[in-house]
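Values in this document were obtained by computation on a predicted structure and should not be read as measured data. Scope of the values below: all heavy atoms of this structure, side chains included, with no hydrogens, waters or symmetry mates.
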Amino acid sequence: MKKTLLLLMVCLGFACKKKTVDAENDVTKYSWPLQSATVSPALLINGQLETNFKTKSASQACLNHNYTLEFSKNGNFAFSSNGPLCDMISYQNATWIKTGNEITLNYGTGTAHKVQVLGNIITDKYTFEQNNTTYTVTYIYTAKPK
């Protein structure tokens, strides 16, 4: 009886093995919601130093409303958000190409941008200057099955 119970527990252990996300090999099978947007160094927002770039008002407000990156098999990509006026963000003819762990996003405006994909994480870095200080925002997107 003990041997049978032990064998049953071992079989259940293998049967319950957690399925791993292999988003790196086919990014089109997943939606990529934004998990975090961290700015460095800290940015003065509403009178306080802040590293959470999602709290920045006005133009960044869409980041707080289910901001998601989607890749299509036909080579197009899109950002979506359900915040006010966020549906107005659109890139006509936006395309993507994946080479190794790098995805090149072409916004259809003559501008291309590279992001890194590793496992179920896409990392995007954006640099800007404000008041003679250079800031880097690191965006982290995590794969979610469609």
Side-chain angles (χ1 to χ4, degrees), residues 7-146:
L7 182 60
L8 180 61
M9 288 175 59
V10 169
C11 289
L12 282 174
F14 285 114
C16 294
K17 185 177 180 183
K18 194 173 188 178
K19 186 177 178 181
T20 59
V21 175
D22 188 25
E24 186 175 338
N25 289 323
D26 189 355
V27 296
T28 63
K29 290 183 179 180
Y30 302 88
S31 61
W32 298 85
L34 180 66
Q35 297 302 309
S36 66
T38 307
V39 63
S40 178
L43 183 63
L44 189 62
I45 299 174
N46 297 326
Q48 294 183 330
L49 286 176
E50 185 65 61
T51 59
N52 182 357
F53 199 65
K54 289 172 75 172
T55 63
K56 185 170 170 47
S57 61
S59 65
Q60 301 303 324
C62 295
L63 297 180
N64 287 320
H65 293 91
N66 299 319
Y67 194 76
T68 303
L69 178 59
E70 300 272 347
F71 297 97
S72 299
K73 288 194 180 286
N74 68 0
N76 293 337
F77 77 93
F79 290 101
S80 65
S81 178
N82 59 6
L85 302 179
C86 295
D87 59 348
M88 295 178 75
I89 299 171
S90 176
Y91 297 107
Q92 299 296 323
N93 304 317
T95 59
W96 66 278
I97 297 173
K98 185 173 179 295
T99 307
N101 290 351
E102 190 171 77
I103 299 173
T104 302
L105 305 175
N106 183 330
Y107 296 98
T109 59
T111 304
H113 181 73
K114 295 180 189 282
V115 298
Q116 302 296 312
V117 60
L118 187 57
N120 68 334
I121 304 285
I122 288 179
T123 304
D124 182 6
K125 293 193 179 214
Y126 169 70
T127 302
F128 67 96
E129 189 170 318
Q130 182 175 308
N131 299 327
N132 296 321
T133 302
T134 300
Y135 296 94
T136 300
V137 182
T138 303
Y139 299 94
I140 302 293
Y141 298 86
T142 303
K144 178 181 173 186
K146 288 184 181 180

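Aromatic ring pairs are classed by plane angle as parallel below 30°, tilted from 30° to 60° and perpendicular above 60°; the pair Phe79 and Phe77 is perpendicular.
Across all non-hydrogen atoms, the minimal contact from Ser81 to Tyr67 is CB-CD1, 4.0 Å. Contact between Lys54 and Gln35 at its shortest, heavy atoms only, is NZ-O, 3.9 Å. Nearest heavy atom pair, residue Leu118 against residue Asn101, reads CD1-ND2, 3.9 Å. Residues Asn120 and Trp32 approach most closely at O-CZ3, 3.5 Å, considering heavy atoms. Pairing each heavy atom of Val27 with each of Trp96, the nearest pair is CG2-CH2, 3.7 Å. Considering all non-hydrogen atoms of both residues, Tyr135 and Leu43 come closest at CZ-CD1, 3.5 Å.
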Criterion side chain to side chain contact (heavy atoms under 4.5 Å, CB included) on Phe128 and Val137, from CA distance to verdict: CA-CA 8 Å; Phe128 67 96; Val137 182; 3.7 Å; yes

From CA spacing to verdict: salt bridge (charged side-chain N to carboxylate O under 4.0 Å, His left out), Lys73, Asp26: CA-CA 9 Å; Lys73 288 194 180 286; Asp26 189 355; 3.1 Å; yes

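Taken from OG in Ser31 to NZ in Lys146, the straight-line distance is 7.0 Å, to the nearest 0.5 Å. Atom CD1 of Ile122 sits about 4.5 Å away from atom CD1 of Ile103, to the nearest 0.5 Å. Expressed to the nearest 0.5 Å, how far CZ of Phe71 lies from NZ of Lys98 amounts to 10.0 Å. For the atom pair OG1 (Thr142) and CG (Leu34), the distance works out to 8.5 Å, reported to the nearest 0.5 Å. Distance CG/Leu44 to CG/Asn131: 9.0 Å, rounded to 0.5 Å.
Side-chain contact, Lys114 with Thr104: a donor N or O sits under 3.5 Å from an acceptor N or O. Inspection of the Asn106 and His113 side chains reveals no N or O donor paired with an N or O acceptor under 3.5 Å.
At distances below 3.5 Å, at least one donor-acceptor pair connects side-chain atoms of Asn74 with backbone N or O atoms of Asn76.
For Thr111, the side chain to side chain contact (heavy atoms under 4.5 Å, CB included) partners two or more places apart in sequence, or in a different chain, are Tyr107, Thr109.
With Tyr141 as reference, Leu69 is the one residue of Leu69, Ile121, Thr123, Val115 to meet the side-chain contact (heavy atoms from CB on, under 4.5 Å) rule.
Residues Thr134 and Thr127 are in side-chain contact: their nearest non-hydrogen atoms beyond the backbone lie under 4.5 Å apart. Between Thr133 and Pro41 the shortest side-chain heavy-atom distance falls below 4.5 Å.
Other residues, nucleotides and ligands contribute over 12 non-hydrogen atoms within 6.0 Å of the CD1 atom of Ile140. Surrounding CD of Gln48 are at most 12 heavy atoms belonging to other residues, nucleotides or ligands under 6.0 Å away.
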